[in-house]
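Report on the structure given below.
So that the names make sense, note that chain A is the first sequence line, chain B the second, and so on, each numbered from 1.
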Number of protein chains: 2
Amino acid sequence: VRKENSALEPSSLAILYRAYIDCLNRQDWANLGNYVDDEVRHNGRRLALSGYREMLVGDFEQIPDLRFVIERLASDPPLIAARLLFNCSPKQSFLDLPVNGSRVAFAENVFYEFKGAKIASVRSVIDKAAIEASLA
Amino acid sequence: VRKENSALEPSSLAILYRAYIDCLNRQDWANLGNYVDDEVRHNGRRLALSGYREMLVGDFEQIPDLRFVIERLASDPPLIAARLLFNCSPKQSFLDLPVNGSRVAFAENVFYEFKGAKIASVRSVIDKAAIEASLA
């Protein structure tokens, strides 16, 4: 029996992850299922692929200039860890903060656990303190 | 010329990082310099080893039951990414939140860049929203 999680080398998993981020930045929702598992979990919640897509579509509705930029990437299959940088203008509130169109810059440090070639679990932390500081 | 950052294999860097976390949990400040570079930076600030040690000593003063627990670890030299879990009772305020001795559970997703065998740069994000939720 082939061990599913050992299918990808670190460099291949990193390339796959960068393709996933490109898919998000293109808002190419028809292809999201190429990268995200049907039973995906996000911060402990069972979103499934449909709920994960809804979350992302909602993010782009609330933040029209949303763009994912990878600053750091550690690939250690079946894990990817990324530090993502954002520089964007949420239209209304964001993380319960009254952003209301202001430009905010912040990071997200996030772990992905892959099942084969698809993201099965995401554990994300957004730097809310940095957003608060930029609004102060 | 030997490329300094390629000195360690992923498994060796992970072992080294776990020894660093053990050093923190022992509050073994005399040995911190075995793991942390003299010129270490933390979230963009030049703390140097002395400032980094002062930050940690202060953390344990404010949070006497502080303990670092590794939940996830990705080793991709010269980077380590870790998801750390905390379950502790800060005595007073923490991240500007009025914790005042309440027990709070939260994660920190953190990247470390090693220079040789020592931590030279740290980029940390603490899940402040989770602490707010546990105080609500």
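- Judged by distance alone, with hydrogens and angles left aside, the side-chain atoms of Asp76(B) form a donor-acceptor pair with the main-chain N or O of Ser75(A) at under 3.5 Å.
- Linking ILVMFWY side-chain heavy atoms closer than 4.5 Å, directly or via other members, places Phe106(A) and Ile70(A) in a single hydrophobic cluster.
- Distance NZ/Lys128(A) to CG/Leu95(B): 11.5 Å, rounded to 0.5 Å.
- Within a 6.0 Å sphere centred on CZ of Arg103(B), other residues, nucleotides and ligands contribute more than 12 heavy atoms.
- Looking only at heavy-atom pairs under 4.5 Å with chain B, the residue among Pro10(A), Ala82(A), Ala130(A) that has the most is Ala82(A).
- Heavy atoms closer than 4.5 Å to chain A are found nowhere in Ala14(B), neither backbone nor side chain.
- No continuous path of ILVMFWY side-chain contacts below 4.5 Å connects Val104(B) to Val125(B), so the two sit in separate hydrophobic clusters.
- Under the 4.5 Å side-chain heavy-atom criterion for grouping Ile, Leu, Val, Met, Phe, Trp and Tyr, Met55(B) is connected to Tyr35(B) within one hydrophobic cluster.
- To the nearest 0.5 Å, the span separating CZ on Phe111(A) from CZ on Arg83(B) amounts to 8.0 Å.
- Within the 4.5 angstrom heavy-atom criterion, only backbone atoms of Ile126(A) (N, CA, C, O) approach chain B.
- One distance of note links CZ of Arg72(A) with CD of Glu113(B); it measures 5.0 Å at 0.5 Å rounding.
- Atom CZ of Arg26(A) has more than 12 heavy atoms from other residues, nucleotides or ligands within 6.0 Å.
- Connection of Phe60(A) to Leu85(A) is not established within any shared hydrophobic cluster, with ILVMFWY side chains joined at heavy-atom distances below 4.5 Å, either directly or through further cluster members.
- Only the backbone of Leu73(B) comes within less than 4.5 Å of a heavy atom in chain A; its side chain stays farther off.
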